[in-house]
Amino acid sequence: MPVVLDPDAAAVYKAFQEAGRPAYETLTAGEARAYYSQARFATNPEPPELARVTPLAIPAPHGTIPARLYVPEEPRQREGLSPALVFFHGGGWVIGDLDSHDVVCRQLAAEGALIVVSVDYRLAPEHKFPAAADDAIAATKWIAANARQLGIDASRLAIGGDSAGGNLAAVVALAARDGNGPALAGQVLIYPATDFAMTHASHGEPETSVLLTHSVIRWFRDHYLNGAADIHDWRASPARAQNLAGLPPAYVLTAGADPLRDEGNEYAERLRQAGVPVTYKHFPGQFHGFFTMGKLLRQANVAVSEIGVWLKGLG
């Protein structure tokens, strides 16, 4: 599929190339995390003012899962409780943390007029599959069980994330539908990874190997999975779930210059065919990762705003 980057996306891509940053697959996981963490200062927009940001420690079998609660200045309240979005950050299950996605969580809280809880699940290769999925499921269950104390209306609890976080959100939705989690009001899947087989056409097109390159995806995969058998587990590849019926309404976002484009599109279509209400938005001139780059890319802020509107529409 021919891909033409938007002018601002092309300029950002050119700047990244000229900066001479090392490819993640040439680094250790720790080195890659440091590079990713520093990049946010150049790409994240100014954060909106919020009423409160509070650290959380969610109990889990292995100890605690760090999290962060964001309360906007004017949340949509019903009997003193607000709707909420549980958010899982991207980063290929290897990089990223609460700080890398701090600004976008603040934006989503403000735009959606709801509470956001960002979850810092365990990362690979120190903690391989299914650690991240287990943490995402456990955190969502704890948030729902403790919703009232957090100021959250459990009947209006949604989940979401970008890239690897979109994968985890899809996994949590499937687990919750099948009894391992609360009833969910919606799922926000931002260029989600849904199938580790990586056989879709967009995984082989030169035009999609932009920032998130084909080789770095394999690096992420090899760090996260224990072996080829994990590819077929729906907790790694939610598209491997045979039945998508009964899942919560979904907002699915894809980008044109993204190796994950086709699997995200296909997952949205399968959700539709299963009777799930789907809002699908494609950004043809953007690359994977653009969503957090609102300082440089206007379409990032458009996407955040549109997701905020969609979240408000959930009630």
Side-chain angles (χ1 to χ4, degrees), residues 44-60 64-90 96-121 135-162 165-166 168-170 172-173 175-176 181-190 248-251 253 279 291-292 294 301 303-315:
N44 287 181
E46 287 298 313
E49 291 293 327
L50 299 183
R52 180 163 50 91
V53 178
T54 307
L56 297 175
I58 297 175
T64 57
I65 303 168
R68 191 175 289 168
L69 182 139
Y70 299 85
V71 180
E73 292 188 329
E74 296 183 8
R76 292 176 284 124
Q77 291 193 333
R78 180 188 300 163
E79 298 180 355
L81 300 176
S82 305
L85 173 71
V86 181
F87 189 86
F88 308 108
H89 67 79
D97 54 25
L98 297 178
D99 291 336
S100 67
H101 286 65
D102 178 75
V103 173
V104 81
C105 286
R106 291 171 185 264
Q107 289 180 295
L108 288 168
E111 293 285 350
L114 81 176
I115 291 172
V116 172
V117 184
S118 182
V119 176
D120 202 14
Y121 53 89
D135 284 2
I137 293 168
T140 303
K141 291 167 67 175
W142 184 88
I143 291 164
N146 294 273
R148 182 168 290 275
Q149 297 95 303
L150 299 172
I152 293 170
D153 180 349
S155 71
R156 294 186 288 164
L157 183 66
I159 52 171
D162 63 323
L168 295 173
V172 169
L184 297 169
Q187 53 180 323
V188 177
L189 310 181
I190 301 163
Y251 183 103
L253 181 154
T279 297
F291 184 70
T292 59
N301 299 317
V304 172
S305 179
E306 290 184 357
I307 290 172
V309 170
W310 184 82
L311 288 166
K312 288 178 179 176
L314 293 178

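Side chains included, hydrogens not; waters and symmetry mates left out as well; all remaining heavy atoms used.
- Taking Asp102 as the reference, Arg68, Tyr70, Arg106 meet the side chain to side chain donor-acceptor pair (under 3.5 Å) condition, with sequence neighbours excluded.
- Between Val71 and Leu50 there is no side-chain heavy-atom pair separated by less than 4.5 Å.
- The shortest non-hydrogen separation linking Ala138 to Ile65 is CB-CD1, 4.4 Å.
- Residues satisfying the salt bridge (Lys or Arg N to Asp or Glu O under 4.0 Å) test with Glu73, not counting sequence neighbours, are none.
- A distance of 9.0 Å separates CD of Gln77 from CZ of Arg156, quoted to the nearest 0.5 Å.
- A 6.0 Å sphere centred on CD of Gln149 holds more than 12 heavy atoms belonging to other residues, nucleotides or ligands.
- At distances below 3.5 Å, not a single donor-acceptor pair connects side-chain atoms of Gln187 with backbone N or O atoms of Ala173.
- Panel note: side chain Asp162, backbone Gly165; no donor-acceptor pair is recorded below 3.5 Å.
- Under the rule for a side chain to side chain contact (heavy atoms under 4.5 Å, CB included), the partners of Leu81 that lie at least two apart in sequence or sit in another chain are Arg148, Asp153.
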(request) For side-chain contact (heavy atoms from CB on, under 4.5 Å), just list the numbers for Val117 and Leu56, CA-CA rounded to whole Å, side-chain angles, deciding distance to a tenth of an Å, and then say yes or no. (result) CA-CA 9 Å; Val117 184; Leu56 297 175; 4.0 Å; yes
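- Phe291 places a side-chain heavy atom less than 4.5 Å from the side chain of Val104.
- With sequence neighbours left out, Trp310 forms a ring-ring contact (aromatic ring centres under 6.0 Å, His included) with Tyr251.
- Contact of the Ile115 side chain with the Leu85 side chain is not registered, since no non-hydrogen atoms from C-beta on lie closer than 4.5 Å.
- Without hydrogens or angle criteria, Thr140 side chain to Ala136 main chain gives a donor-acceptor distance under 3.5 Å.
- Residue Leu108 comes nearest to Leu114 through the heavy atom pair O-CD2, 3.4 Å, listed as atom of the first residue, atom of the second, then distance.
- Scanning all heavy atoms of the two residues, the minimum distance from Gly161 to Phe87 falls at CA-CE1, 3.6 Å.
- For the pair Thr292 and Val103, the minimum side-chain heavy-atom distance is 4.5 Å or more.
- Residues meeting the ring-ring contact (aromatic ring centres under 6.0 Å, His included) test with Tyr121, sequence neighbours left out: His89.
- Pro47 places none of its side-chain heavy atoms less than 4.5 Å from the side chain of Gln107.
- Put simply, the side chain of Leu311 reaches to within 4.5 Å of the side chain of Val188, judged on heavy atoms.
- Ala147 and Ala154 get closest at one heavy-atom pair: CB-CB, 3.8 Å.
- Applying the salt bridge (Lys or Arg N to Asp or Glu O under 4.0 Å) test to Asp135 and every residue at least two apart in sequence or in another chain returns Arg122.
- Closest non-hydrogen pair, Leu314 versus Ala185, comes out as CD2-O, 3.6 Å.
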